[in-house]
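So the structure is just underneath, and the comments pick up after that.
Each residue takes its place number in the sequence, starting with 1. Fair warning: this is a prediction, and the values are worked out from it, not measured in the lab.
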Amino acid sequence: MKIIIPKEKKQLLKNTTIHIDTSYSDSLATVLTNKKERSLTLVTGQKPLFAHCVFILDKGSTNLKDKQFSIDGSYAKQLPHYFTSEQDIELNFQASSADSSFIELIQTDLKDNEATLRRCECSDASKEHLTYLKDNKQLPTTTVSKAVIERVIFESTGHMPYQFIELDSDKQHIRVQRDGKVEKKYLPKDIKLPVSIVMTQEITYKLFDFCKTINGDKIEMVQQGELLTFKTDESSVTSTLTGLNEFYTKTPEKTETLRFVELDFYEFKAELRHCFKEYGVIKKANDALLYLSDKKAAIAVFTEPYKFVHPFTVSKIDNKKDNVNSIFRFSPKDLLNIKIKDLIGAKSTRLEVIEYSNGEIKLGVYYSLEDKLPYLSIPIEKDKSQLPKVLAMLESLDKNQHKTQHKKQEIQGDLFGSDMGEGEEDEY
């Protein structure tokens with residue numbers, strides 16, 4: 001029989017075959033064809049992480065029969081890539097004998113006008129996949145609007161990374177875990193949480209992809225322990241929530257902001273990048289100091305044979321009297337991993353020195369000035385022993401700048417006086 005999946009459904013096919021883990025030697029994809037409905041159902045994945053989709057076949061499909069069989073997972077995973085965006089996915093199923101059958105396709109290289117025949121032997125349909133299809137129909141799901149889910153996730157996380165997000169429809173609030181820390185958030189009053197579920201960021205990405213490929217605006221959801229399933233009439237995907245029990249036990253921690261500063265993150269990162277790129281010894285040491293006073297912020301690098309100090313122009317800084325001068329040691333590599341494009345208003349980025357109840361100290365880099373949880377935080381530690389060295393370097397820099405400025409003024413004064421003299425002489 002000739003099986004033709006319309007090219008418009010290629011993304012749905014990709015979203016299903018992507019769940020095939022080819023590291024398993026027995027990874028399979030199961031195919032079920034239905035003559036009456038003129039449909040093909042594809043099931044992929046290893047227990048319990050399955051996915052499935054249903055295709056209404058193109059009218060060009062011929063000799064359709066009710067069949068169910070499995071094929072090698074690697075072969076199935078390549079199916080979307082054997083056809084261009086302008087080509088339908090055309091497969092042929094043939095039974096060579098009572099106990100032997102195969103599926104094949106012809107891959108055409110449009111550029112070189114060459115063709116390759118790719119054939120794969122079929123096996124009995126996977127019992128696990130058939131059981132999944134049966135059980136999947138009986139899941140006690142909750143139907144929600146995909147538009148509402150997309151807005152809820154955006155409102156609660158923005159573009160920031162996170163490990164878990166919990167939607168609680170009973171309490172109408174959200175808990176977000178980022179950098180191992182949990183924050184409770186309340187949504188705008190016009191948004192009502194329709195379902196209680198927990199998702200990881202990876203699962204959120206899968207959900208967005210799922211939303212793009214389905215017809216209609218409704219998604220069925222169900223969470224069973226550490227398993228989360230999204231489904232519609234034409235597809236479903238099950239994901240795992242590893243670490244869920246630990247997340248449930250976490251509560252928002254009490255923190256104290258020891259210092260904060262708003263500065264140009266372009267300049268901040270540029271100095272670190274320069275030191276790392278141009279000085280191999282500094283890159284290997286991966287060690288730098290952040291200096292904060294009531295008026296100034298600076299980065300210092302003391303890696304022999306070098307001593308660098310680079311002050312920054314700050315738009316805002318705290319001026320607590322008990323924190324006039326502070327020194328913190330950190331790993332430059334950690335901060336260099338932060339992408340400028342991921343921050344709103346990088347010209348004025350908020351950095352906070354945060355102390356947790358267990359004594360841990362981190363430097364938080366904020367996505368925007370309004371956020372309560374940092375986009376990313378890195379471990380830092382106090383190092384008062386380096387304060388005299390940093391102050392001495394800053395003092396030396398100020399003196400040199402003062403001398404340079406004074407000399408410029410003298411030169412300008414001489415030039416100005418000389419110009420005046422020449423001008424007066426010309427007039428007379």
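L292 has its side chain out of reach of D318: every pair of non-hydrogen atoms, C-beta onward, lies at least 4.5 Å apart. No side-chain heavy atom of Y82 sits less than 4.5 Å from a side-chain heavy atom of T116. Counting heavy atoms from C-beta on, the side chains of K212 and N15 never come closer than 4.5 Å. Between I89 and L105 there is no side-chain heavy-atom pair separated by less than 4.5 Å. The shortest distance between side-chain heavy atoms of T17 and L79 does not fall below 4.5 Å. Considering only heavy atoms from C-beta on, D334 stays 4.5 Å or farther from L363 through its side chain. Using a 4.5 Å cut-off on side-chain heavy atoms (C-beta onward), L335 and K269 make no contact. Residues Q78 and R118 fail the side-chain proximity criterion, which asks for heavy atoms closer than 4.5 Å.
In this structure, CZ in F230 is found 11.5 Å from OG in S235, a value given to the nearest 0.5 Å. Atoms CG and CD, on D66 and E37 in that order, are 9.0 Å from each other to the nearest 0.5 Å. Expressed to the nearest 0.5 Å, how far CD of E90 lies from CZ of F83 amounts to 7.0 Å. Distance check, rounded to the nearest 0.5 Å: SG of C120 to CZ of F69 gives 9.5 Å. Interatomic distance, I165 CD1 to I197 CD1, rounded to the nearest 0.5 Å: 8.5 Å.
Atom CG of D21 has more than 12 heavy atoms from other residues, nucleotides or ligands within 6.0 Å. Within 6.0 Å of CG on L130 lie more than 12 heavy atoms contributed by other residues, nucleotides or ligands. Surrounding CD of E246 are at most 12 heavy atoms belonging to other residues, nucleotides or ligands under 6.0 Å away. Around NZ of K65, the count of heavy atoms belonging to other residues, nucleotides or ligands within 6.0 Å exceeds 12. Annotation for L397: atom CG counts as buried by contact number, over 12 foreign heavy atoms lying within 6.0 Å. Remark: E304 CD is loosely packed, at most 12 non-hydrogen atoms of other residues, nucleotides or ligands lying under 6.0 Å away.
Of the possible polar contacts, none joining the S27 side chain to the T22 backbone as a donor-acceptor pair under 3.5 Å is found. Distance alone, capped at 3.5 Å, places no donor-acceptor pair between the Y356 side chain and the K362 backbone. With hydrogens and angles disregarded, a donor-acceptor distance shorter than 3.5 Å links the side chain of K231 to the backbone of N136. Judged purely by atom type and a 3.5 angstrom limit, S196 uses its side chain to pair as donor or acceptor with the backbone of S169. For S61 (side chain) and I4 (main-chain N/O), a donor-acceptor pair under 3.5 Å exists by modelled atom type. Looking only at distances, a side-chain donor or acceptor of S70 sits under 3.5 Å from a matching main-chain atom of S126. A donor-acceptor pair is defined here as one N or O able to donate and one able to accept, closer than 3.5 Å; such a pair exists between the side chain of R259 and the backbone of S293. No donor-acceptor pair closer than 3.5 Å links the side chain of K382 to the backbone N or O of S326. The closest donor-acceptor contact from the side chain of T44 to the backbone of H19 lies at 3.5 Å or more, if one exists at all. Side-chain N or O atoms of S396 include none that pairs as donor or acceptor with a backbone N or O of A392 at under 3.5 Å.
A pairwise comparison of heavy atoms in F164 and T200 identifies CE2-CG2, 3.7 Å as the closest pair.
Taking the centre and axis of the six-membered ring of F260, the NZ or CZ atom of R350 falls inside the cone set by 45° and 6.0 Å.
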Test L290 against F268 for side-chain contact (heavy atoms from CB on, under 4.5 Å), laying out the working first. CA-CA 10 Å; L290 173 64; F268 189 81; 4.0 Å; yes
Show your working on side-chain hydrogen bond (donor to acceptor under 3.5 Å, both in side chains) between N286 and S331 and close with a plain yes or no. CA-CA 6 Å; N286 191 30; S331 160; 2.8 Å; yes
Please test E352 against T257 for side-chain hydrogen bond (donor to acceptor under 3.5 Å, both in side chains), starting from the C-alpha separation and ending with a verdict. CA-CA 6 Å; E352 278 193 6; T257 300; 3.1 Å; yes
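In summary, of the residues considered (I219, L207, L193), a side-chain contact (heavy atoms from CB on, under 4.5 Å) with I149 occurs for L207 alone. Across I299, I282, T303, a single residue satisfies side-chain contact (heavy atoms from CB on, under 4.5 Å) together with F308, and that is I282.
In this model, a donor atom of one side chain and an acceptor atom of the other lie less than 3.5 Å apart for Y132 and S236.
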